[in-house]
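For reference, the structure discussed in these notes is given below.
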Amino acid sequence: MDAGRYRVLPTDRSANDIEQEMLARWANDGVFAKTQEFKSGQQRYVFFEGPPTANGRPGIHHVFSRAIKDLFCRHRAMKGLFVLRKAGWDTHGLPVEIEVEKQLGISGKQDIEAIGVEKFNQLCRESVWKYRAEWEKLSERMGFWLDYSDPYVTYSNNYVESVWWALKTLYDRERLYRGHKILPYCARCGTALSSHEVALGYKDVRDPSVYIALDLEGDGQIRRRILVWTTTPWTLVSNVALAVHPDLEYSELTKRSGDGTEHIVLAASRAAAVLGDDFTDRWVSVGTMKGSELVGARYARPLDWVALDAGTNQVIVSENFVSADDGTGVVHMAPAFGADDYAAGQRHGLSFVQPVDGRGEFPPELPVVGGLFVKHADEKIIAELKSRGVLWKAGTMEHSYPHCWRCDTPLLYYARTSWFVRTSAYKDAMLARNARVQWHPPEIGDARFNEWLTNNIDWAISRDRYWGSPLPLWICDQDNTHVDAVGSFAELGVKSGAELGEGFDPHKPYIDSYSWPCSKCDGTMHRTPEVIDTWFDSGSMPFAQWHYPFENADKLGDNYPADFIAEGVDQTRGWFYSLLAIATGLEDSLPSNTLSPSPGTGEGVRTAPYKSVVVNDLVLDSEGRKMSKSKGNVVDPWMIMEKYGADAARLFLVSSSQVWVPRRFDEAAIRDTAGRFLLTFKNVYSGIFALYANFGWEPSDADPEVAKRPLIDRWILSRLAAVESEVDAALEAYDATVAARLAMTFFVDDVSNWYVRLNRARFYDVDSADNRAAFATLREVLLVTCRILAPIAPFVTDWVHYELEGTSVHLSPYLRAETTGRDTGLERAMEHIRTLSTLGRAAREDAGVKVRQPLSRMVCVVPAAPSGAEADSGDLRSLVSLLAGELNVKEVSFLSSADALVTLEAKANFRALGKKFGKSTPLAARAIEALSSDALIAFENGENLAISVGNDSRELDLDDLTIVRRASGSMIVKEALGYFAAIDPEVTPALRMEGLAREVVSKVQRMRKDSGFAVSDRILLELSGSDELEAAIRAHSEWIANEVLSVGITVGGGADKIHAMQAVDIDGQPASIAIERAG
RNA sequence: GGGCCAUUAGCUCAGGUGGUUAGAGCGCACGCCUGAUAAGCGUGAGGUCCGAGGUUCAACUCCUCGAUGGCCCA
């Protein structure tokens, strides 16, 4: 055979191989580049790429979120929109520094300073690209189209300059300020963390749960002690006060067994929890008081290692944050180590005790715990408390505690000076903008993100680190309220009088060398040493990727805000937040940040930096556990690509469940779901379409127009049109899962299992109008299927599209300009046929008659259409031959009611009857089961039905019984949802002969194939067997000859003319068959 | 402690403004087909729809309270 017009896809050709071919072809034809060429007048669809950090390897979860990004971009591009796909890299920050620390085998800021910031930052600059090539290669391999030729890079001078502009703009708007607050602090990294960084690191840990009893000052007659609870014993070193709630009731108790001189005090409602449920057995109350009555009382602090300053100390204060939900209702105050404590310290002028250094260690001179990391000092402190007699009881409790998201060190809450973005001042604006975002799923935005914004606190953006965008603030060394914010490199040059030159690097340590005289006093302006939170970098990408406002104002205008972004759920507090917080803070300094005025108010509509967000959840392992290196269950994306291909992986990830549900990644599942579809798709293309079309069909004017094609062709084209628009609608609504499922189900069920299977014979020839109609129809189905699935499975769809059309599917329109339209009546009729076919098969199964044995008749009932029952009967009649063929029956007829096919029987519903008949229920049940079929039919049709029990006659309700239908007569009946299919199982002698003839054909066909004959080879055929068999063959010899391409049949006797005689079993009867190639 | 999500067949997942008998794929059993063949098709078994209350003629669906798992927050 010639190579043919259409290449086939050999089943043993690996997905990897096919996809590599496509990658080469895309590169060669510049397919992606073509999509990046803006055609004038084209509408834009703006996509923002959230920048990854390239100092770690990409994992399978990256493939997941990138598949989502890619598919919506591809879809919109095929819809005719221009989708710019600019890559970006997140290059600053702690992750990079930690990687370099590891590489150098060092840890902590002192080590870094020893090496030198210049060298350290140089290494960071290099380290950040460690896996860049792998990221780019994996993107390419998985079919994630991204333009890596001109990416935005957050450490580049241009990018940093745009970030400076944003910071200065915020400063000028008084939205950037220096504050002193309690901040979560990582002692190992030596820097404070922002709230969204903290959110990344909550872990369940076991911490001490310690109760102490502190002596209250009194008259000396009675020893009164107040109970205090803490989970951070190390902060007791810094205790300066206790807080109670003014309105809470406190109990004073003494031991029943004691002499009444030892009292304890705690919140009344906590006594049972602290002392035991049976505490009244041992304790007796000697009084109660409001918290306000305790205020002002003095007590002795638990540890006296640290000198106190002049502030108030060792006194009970009143605070509304105290609760009786846990602990003792008495809260210990260490103003240096807690936000509430700090605020209380400010309010009450409390002493400020901070005996912990930047590494989180107690100073060496401190007794017992000197030099220890605070979290490691708990045990020694508990022992010390015990020896001092202030320990009441000590245990442990499990709770969730924040840890550094990069190095896993437990965070400490520390009073520190930091720079903040005053986000809380414009949180309403953020809420308003967020309300305009289409979140998928909605609850992430409406509930989770909304709640987070409602509780917004100012964003601590300064970091006492090295590798980051430097904070562009210069501060006077005489008076630190004199601050110059620098918004551009040019401004820096002017202010400092320095020539910045070619090699200017805005990073540390170089940037710190620029200084100038203070404009307000005699002092000198030096840069504040901090760098900024890397989230501020990535959140600046909408404008910084264009070096706005220094150039490209037009590009920013064209590409802001984003129509679409997609990232993992962990970005809610990350990138989703930083984008919104920065854009909202900049307000109209950022063009297009306010959309066209709303018609109602004339006011500009505030927009978020993104209009639609698709949030994907985690990829778990096959057991539903989180993937982690320690568990060894991390899936290598490269292995998946090679083994199953990107199409299979993408189809699986998108279709297995909604993307915002955590999904189990299971290799077996890829094979089962995606692999199965892909196999079917290739089979239909290769094994049916390409294989036979290559005998000489190609699209031409000789193909019958759609209206003249057989009904089943028009049916599949109608379904195709339906699915085409449904899939498109799903993708427009950002529902990739439904889109993928719709398309896949359509292809497997409607195309492969029904249309192709029933029409196989029409593809075995290429000459007639009927053949041409089938090929033209299947080609259209394949073509459109390629297009609707191309965004999700971009490789194999394009492979086939090239074969069918000679062009890339990715440069084709997503929807056809014209379709043959829907014929819903026809679709409904086909539904009837398929349902009846299922029932008919079940009936045959019941009858125990195999499909090859023809049967005489089938009688069907379809549920009445709502009105105009004849509406689809025309189509139904025309489709009946499909049913007859599928079920191998001679005649199919329809009845309007199933009454002739079945008898009705009633079963009692005891629950209902019980209420009516009480004790006589069993009798009633018997009466019901004796009801006649006719009576039940009448009853179903609304007539009254009564039974007599004893002397009593009662009307029955439909509830009282269940009507079951049983086949009556000789027909075998199956019923479902108003459909009935009845098959006459009688095999008459004539049918029997025909069945035998079919058996013969089947056997001969197998022999032809086993003998290696070509499909078109003619044969000579010789058969012998029982009288019945030979009679059957004679009766149907013409048909047999036609089926097996025999030019001559010899039946019985002289069975030695042809060699290769084979003994076979035909339906339990021995027979002999011989075949030979003719001529 | 609070918020959100999930819980449906052995497994992975659909579903429903509350309404006959709750679906699919895989797996399993049985069978068919043998010109898509290292393919294809069918039939069947399998479910107290997480639990308990409530609303209702009717609850898997709505409400309340729980349980378990996940994510997030404090």
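Convention: sequence-line order gives letters A, B, ...; per-chain numbering from 1. The figures here come from the full heavy-atom set of this structure, side chains too, leaving out hydrogens, waters and symmetry mates.
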For the side chain of A:Arg676, starting at C-beta, report the closest nucleotide among B:G35, B:A36, B:C26. B:C26
So, OP1 or OP2 of B:A36: does either fall under 4.0 Å of a side-chain N or O from A:Thr680? no
Using whole Å, report how far CG of A:Leu9 lies from P of B:A36. 17 Å
Please check if any side-chain donor atom of A:Asn456 sits under 3.5 Å from a side-chain acceptor atom of A:Thr423, or the reverse. yes
Answer yes or no: is there a donor N or O on one side and an acceptor on the other, between the side chain of A:Thr838 and the main chain of A:Arg834, under 3.5 Å? yes
Which nucleotide wins on minimum distance to the side chain of A:Arg741, given the candidates B:A36, B:A39, B:C13? B:C13
Applying a 3.5 Å limit to both distances, which nucleotide forms a Watson-Crick or G-U wobble pair with B:G1? B:C73
Given the C1' atoms of B:A22 and B:U48, what is the spacing between them in whole Å? 13 Å
Using the benzene-type ring in the case of Trp, are the ring centres of A:Phe746 and A:Trp754 under 6.0 Å apart? no
On a whole-Å scale, what distance lies between the P atoms belonging to B:U68 and B:G51? 15 Å
Which nucleotide in B:U43, B:C71, B:A36 has an atom nearest any side-chain atom of A:Glu845: B:U43
Any side-chain donor-acceptor pair under 3.5 Å between A:Asp617 and A:Gln658? no
Roughly how far apart, to the nearest Å, are B:U64 and B:C26 at atom P? 39 Å
Over how many whole Å does the gap from A:Phe681 atom CZ to B:A39 atom P extend? 19 Å
Would you measure the distance from the C1' atom in B:G44 across to the matching atom in B:G54 and give it in whole Å? 40 Å
Counting any heavy atom closer than 4.0 Å, what does A:Val684 reach on the DNA or RNA strands: base, sugar-phosphate only, or nothing? base
For B:A36, does either OP1 or OP2 sit under 4.0 Å from a side-chain N or O belonging to A:Tyr764? yes
Does a nitrogen or oxygen in the side chain of A:Lys1009 sit under 4.0 Å from OP1 or OP2 of B:U34? no
Nearest of B:C71, B:C41, B:A39 to any side-chain atom of A:Asn753? B:C41
Would you mind pulling out the nucleotide paired to B:G53, Watson-Crick or G-U wobble, both distances under 3.5 Å? B:C63
Tell which nucleotide pairs with B:A36, taking only Watson-Crick or G-U wobble pairs whose two distances are both under 3.5 angstrom. none
Toward the 5' end of RNA chain B, by each residue's nearest nucleotide, A:Glu451 or A:Ser656: A:Glu451
Do A:Lys974 and A:Asp846 have side chains that approach each other closer than 4.5 Å (heavy atoms only, starting at C-beta)? yes
Rounding to the closest angstrom, what is the interatomic distance between B:G25 and B:G15 at atom C1'? 15 Å
Tell me whether the rings of A:Tyr577 and A:Trp459 are parallel (<30°), tilted (30 to 60°) or perpendicular (>60°). tilted
Going by purine N1 to pyrimidine N3 plus the second Watson-Crick contact, or the G-U wobble pair, all under 3.5 Å, which nucleotide sits opposite B:U21? none
Suppose you measure atom P in B:C13 against the same atom in B:G70; what distance do you get, rounded to whole Å? 15 Å
For the pair made of CG in A:Leu653 and P in B:U12, what is the distance, rounded to whole Å? 17 Å
Roughly how many Å apart are B:U7 and B:C50, using the P atom of each and rounding to a whole number? 8 Å
Rounded to the nearest Å, what distance is computed from the NZ atom of residue A:Lys1003 to the C1' atom of nucleotide B:C33? 11 Å
From the options B:C4, B:A36, B:U43, select the nucleotide whose nearest atom is closest to the side chain of A:Arg760. B:A36
Which is true for A:Val756 with a 4.0 Å heavy-atom rule: it touches a base, it touches only sugar-phosphate, or it touches nothing? base
If you take all heavy atoms of A:Phe775 and A:Asp765, which pair is closest and at what distance? CE1-O, 3.5 Å
Please determine if a side-chain N or O atom of A:Arg841 lies less than 4.0 Å away from the OP1 or OP2 oxygen of B:U43. yes
Flag, side chain of A:Asn616 to backbone of A:Val659, donor-acceptor distance under 3.5 Å: no
Report which part of the nucleic acid A:Gln658 touches: base, sugar-phosphate, or nothing (heavy-atom distance under 4.0 Å, all strands). sugar-phosphate
If we take the P atom in both B:A9 and B:U61, what is their distance in whole Å? 15 Å
Result for 5'-nearest mapping on RNA chain B, choosing between A:Ala842 and A:Val851, is A:Val851
For the side chain of A:Ser752 and the base of B:A36, is some donor closer than 3.5 Å to an acceptor across the two? yes
May I ask which nucleotide in the shown strands pairs with B:A29, Watson-Crick or G-U wobble, both distances under 3.5 Å? B:U43
Please tell me which of the listed nucleotides, B:A39, B:G3, B:G35, lies nearest to the side chain of A:Gln1005? B:G35
Could you please name the partner base of B:A9, counting Watson-Crick and G-U wobble pairs only when both distances are under 3.5 Å? none
Output the rounded distance in Å from NE2 (A:His403) to P (B:C72). 14 Å
When you measure from the side chain of A:Arg852, which nucleotide among B:C71, B:C33, B:G42 comes out closest? B:C33
Give the rounded distance in Å between these two atoms: OH of A:Tyr979 and C1' of B:U21. 15 Å
Among B:C32, B:C4, B:A36, the one nearest any side-chain atom of A:Lys850 is B:C32
Could you state the atom-to-atom distance from CG of A:Asn450 to C1' of B:C72 in whole Å? 14 Å
Tell me what A:Ser1002 touches on the nucleic acid: a base, only sugar-phosphate, or nothing, going by heavy atoms under 4.0 Å. sugar-phosphate
